[in-house]
Protein chains: 2
Amino acid sequence: MPATLREVAERAGVSVRTVSNVVNDFPQVAPETRARVQRALDELGYQPNAVARTLRRGRSGLIALVLPELDVPYFAELTRAVIEQAAAAGYTVVVDQTDGDPVRERELVMRGNRAAMFDGLIFNPLALGGADLRDRPSSTPVVLLGERVVQGGLDHIMIDNVGAAEVATRHLVELGRRRIAAIGDQSDESRRTGRLRTEGYQAALNAAGLEPLPELIRPTTYFHRADGAAAMADLLALPDPPDAVFCYNDLLALGALRTILSHGLRVPEDIALVGFDDIEDGRYSTPSLTTISPNKTQIAQHAVELLLRRLDGDTSPPAELPADYELIVRESTTGKH
Amino acid sequence: MPATLREVAERAGVSVRTVSNVVNDFPQVAPETRARVQRALDELGYQPNAVARTLRRGRSGLIALVLPELDVPYFAELTRAVIEQAAAAGYTVVVDQTDGDPVRERELVMRGNRAAMFDGLIFNPLALGGADLRDRPSSTPVVLLGERVVQGGLDHIMIDNVGAAEVATRHLVELGRRRIAAIGDQSDESRRTGRLRTEGYQAALNAAGLEPLPELIRPTTYFHRADGAAAMADLLALPDPPDAVFCYNDLLALGALRTILSHGLRVPEDIALVGFDDIEDGRYSTPSLTTISPNKTQIAQHAVELLLRRLDGDTSPPAELPADYELIVRESTTGKH
DNA sequence: CGCGGGGCTTGCAACGTTGCAAGTGGTGCT
DNA sequence: AGCACCACTTGCAACGTTGCAAGCCCCGCG
């Protein structure tokens with residue numbers, strides 16, 4: 001139903017090629033011709049066919065952002081940042097959600113530019129590791145986010161998880177807390193985030209001369225509110241409950257907070273709480289959440305820049321870019337102010 | 001770099017067409033030929049070119065979900081539901097975010113299937129109204145979500161906002177509250193949600209013999225936590241503050257909750273709170289949030305079904321499908337249990 | 001031995017666009 | 001008058017795929 005170049009050409013009495021020249025603003029078109037063609041374009045409501053254009057040009061102007069879960073605020077907020085960065089460069093971002101399903105992740109990433117119509121991929125894997133990604137048949141550029149992959153031979157952006165976890169834990173130590181628990185450890189080989197943060201947590205305890213106690217390190221399957229709530233209930237059931245908890249993300253912390261408050265305990269007086277991610281929810285909870293804030297804008301910016309450079313043909317060796325983070329102190333550790 | 005049908009054909013010593021037949025599992029291929037071609041396919045790691053395929057077939061298998069904001073939990077949760085429904089039908093969903101910017105909305109929706117490469121659109125407009133959408137040049141099917149559009153001549157799914165708001169307000173009335181405020185009214189002609197919910201709110205008050213007081217109806221620019229927090233601060237500054245608040249979405253309610261608690265007041269003892277959307281955050285706040293829960297799965301299901309029917313050539317008149325909702329009573333109105 | 005038919009394979013064209021290089025007609029210069 | 005050149009326009013081919021219909025070969029039957 002929509003008009004094609006040929007139909008416009010017939011109406012304007014010129015060749016298809018000339019219409020194309022007008023559409024693409026080529027300079028070498030006589031003003032009069034241009035006007036006539038433009039009129040025909042308008043009358044027919046011509047819109048270029050993006051699929052044909054992409055086939056011909058080899059570029060779609062689309063980059064895909066592949067994330068485990070969109071209803072996790074951290075990813076939703078990151079998405080906004082990526083969209084903004086990409087828009088500035090004239091690219092449109094489409095988002096896809098994998099649920100951390102290895103099958104879906106593989107599908108999306110391995111197929112690459114042929115099966116999909118994206119010029120590049122920004123991918124935060126949950127299930128897929130370095131080995132899986134090493135020999136992609138596709139040549140679509142990919143930038144990885146997150147901790148999952150170590151040496152996949154792909155561009156990669158991550159924050160220093162060990163360092164950040166250490167900062168968070170040290171903050172609790174400096175407040176005088178001694179029984180500091182951790183929620184979010186993951187024994188699962190494929191989930192690296194939890195292990196790295198546990199490492200930082202333990203390092204901080206050791207540096208303070210505190211001994212990491214196994215019963216205070218609670219593993220969780222996911223990083224959702226429900227997991228935090230359940231883990232916190234376990235901690236409260238201990239004979240000697242903790243006086244502080246470092247949660248490996250803000251959702252865990254919010255779940256834990258809910259459990260603590262519903263047990264009639266106070267935060268931070270009885271138990272201090274630190275989260276990770278700095279999602280908006282944590283700024284509006286009561287008490288508001290002390291947290292590690294990864295620089296999401298910077299992550300997005302690096303990711304898009306790196307990807308666009310690859311699209312421009314840059315073949316330098318894969319980069320491993322660190323992103324900044326900072327500790328944001330709020331009520332859940334220092335109380336009202 | 002990736003292999004094409006022709007390269008595979010040369011390697012296998014058959015025609016391009018035969019390779020295509022194998023790739024598409026056509027029955028009329030001799031087993032031996034099929035095996036030989038398959039080997040060549042595997043050796044070259046062939047992946048069909050989705051762009052070429054789409055151009056030829058006229059279908060991409062992609063539907064776009066166009067939303068105002070992804071970092072608003074309601075939309076993130078809705079997205080999950082849409083993705084699930086579409087996946088069941090073999091479609092892939094890509095998500096795009098407009099920020100409610102009329103320019104971006106128009107771009108995405110008016111251009112339709114030519115500028116983009118999507119078979120259909122599920123669109124929740126914020127800025128664009130019926131008039132804007134009526135004469136789209138494109139023939140891509142569109143299903144609208146939300147309250148914004150009334151008679152755009154397009155398929156449309158929404159819940160009964162007036163009725164839902166009435167139910168929420170009546171719940172507060174039945175708890176014995178008398179000074180019931182509302183947060184989220186919008187005078188802006190283009191934002192219809194707020195006006196509809198105010199209508200239901202007033203209807204419930206009238207039915208209970210209570211007079212709606214202008215100073216208890218607080219408009220907000222957006223539906224974010226910050227707006228709720230600010231509006232609640234205004235309400236608390238009144239000489240005679242409310243004893244209950246109906247917030248037009250859960251984020252507003254969470255912002256309001258934060259303000260109430262930080263003023264040393266209790267929920268629900270001093271002020272009862274009802275939200276709208278039933279986002280996960282509200283289940284884990286303290287107190288948990290009483291809210292109107294729109295059936296998101298049903299909305300997604302209707303949207304995808306309707307869209308797919310249009311893609312199959314259904315030309316029946318535009319449908320206006322209602323979606324269910326229910327009041328979920330939690331602690332913010334009835335206290336701990 | 002010739003012919004019809006079935007199983008399998010193929011060539012051609014087209015989806016709508018753009019790169020390339022050639023083509024057209026007119027103008028100005030010698 | 002002839003030629004070169006310029007401004008502008010055009011045809012051809014190709015991106016990689018698939019629908020269509022024709023083609024090939026071999027088998028079995030008369």
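What you are looking at is a predicted structure, and each value in this text was computed from that prediction instead of being measured.
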Rounded to the nearest angstrom, tell me the gap between atom [atom1] in [X] and atom [atom2] in [N].
X: A:Arg53; N: C:dC15; atom1: CZ; atom2: C1'; value: 16 Å
X: B:Gln28; N: C:dT10; atom1: CD; atom2: C1'; value: 14 Å
X: A:Gln47; N: C:dT17; atom1: CD; atom2: P; value: 11 Å
X: B:Arg6; N: D:dA13; atom1: CZ; atom2: C1'; value: 12 Å
X: B:Arg36; N: C:dC8; atom1: CZ; atom2: P; value: 14 Å
X: A:Leu5; N: D:dA13; atom1: CG; atom2: P; value: 19 Å
X: B:Met117; N: C:dG16; atom1: CE; atom2: P; value: 16 Å

Between B:Leu55 and A:Val16, which has a closest nucleotide on DNA chain C that is more 5'?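 The residue whose closest nucleotide sits nearer the 5' end is B:Leu55.
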Just wondering, are more than 12 heavy atoms of other shown residues or ligands nearer than 6.0 Å to CZ in B:Arg59?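 Yes, the 6.0 Å shell around CZ holds more than 12 heavy atoms from other groups.
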More than 12 non-hydrogen atoms from neighbouring residues, nucleotides or ligands closer than 6.0 Å to OH on A:Tyr222, yes or no? no
Hey, is the side chain of B:Arg57 pairing donor to acceptor with the base of D:dG16 inside 3.5 Å?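 Looking at the base of D:dG16, it does not pair with any donor or acceptor on the side chain of B:Arg57 (distance under 3.5 Å).
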Would you say the base of C:dT18 and the side-chain of A:Arg56 have a donor-acceptor pair closer than 3.5 Å? yes
Looking at five pairs on each end of the helix from C:dC1-D:dG30 to C:dT30-D:dA1, what is the angle between the two axes, given to 10 degrees? 70°
Per the under-4.0 Å heavy-atom filter, residues of residues 18-27 of chain B near DNA chain D come out as B:Ser20, B:Asn24, B:Phe26
Testing the basics here: between [X] and [Y], what is the closest heavy-atom pair and its distance to 0.1 Å?
X: A:Arg80; Y: B:Asp99; value: NH1-OD1, 2.8 Å
X: A:Pro68; Y: A:Thr98; value: CA-OG1, 3.4 Å
X: B:Val304; Y: B:Val82; value: CG2-O, 4.1 Å

How long is the gap from NZ on B:Lys296 to OG1 on B:Thr79, to the nearest 0.5 Å?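 Rounded to the nearest 0.5 Å, the NZ-OG1 separation comes out at 11.0 Å.
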So if I take every side-chain heavy atom of [X] and compare against [options], which nucleotide ends up nearest?
X: B:Arg17; options: C:dT17, C:dT9, D:dG19; answer: D:dG19
X: B:Asn49; options: D:dG16, C:dT17, C:dC15; answer: D:dG16
X: A:Val29; options: D:dT9, C:dG16, C:dC8; answer: D:dT9
X: B:Val14; options: D:dT9, C:dC15, C:dT10; answer: C:dT10

Name the one of A:Val66, A:Leu145, A:Leu65 that satisfies side chain to side chain contact (heavy atoms under 4.5 Å, CB included) with A:Asn124? A:Leu145
In this structure, which one of A:Val143, A:Leu307, A:Ile83 forms a side chain to side chain contact (heavy atoms under 4.5 Å, CB included) with A:Ile63? A:Leu307
Charged N to carboxylate O below 4.0 Å: is that the case for A:Arg310 and A:Asp119? no
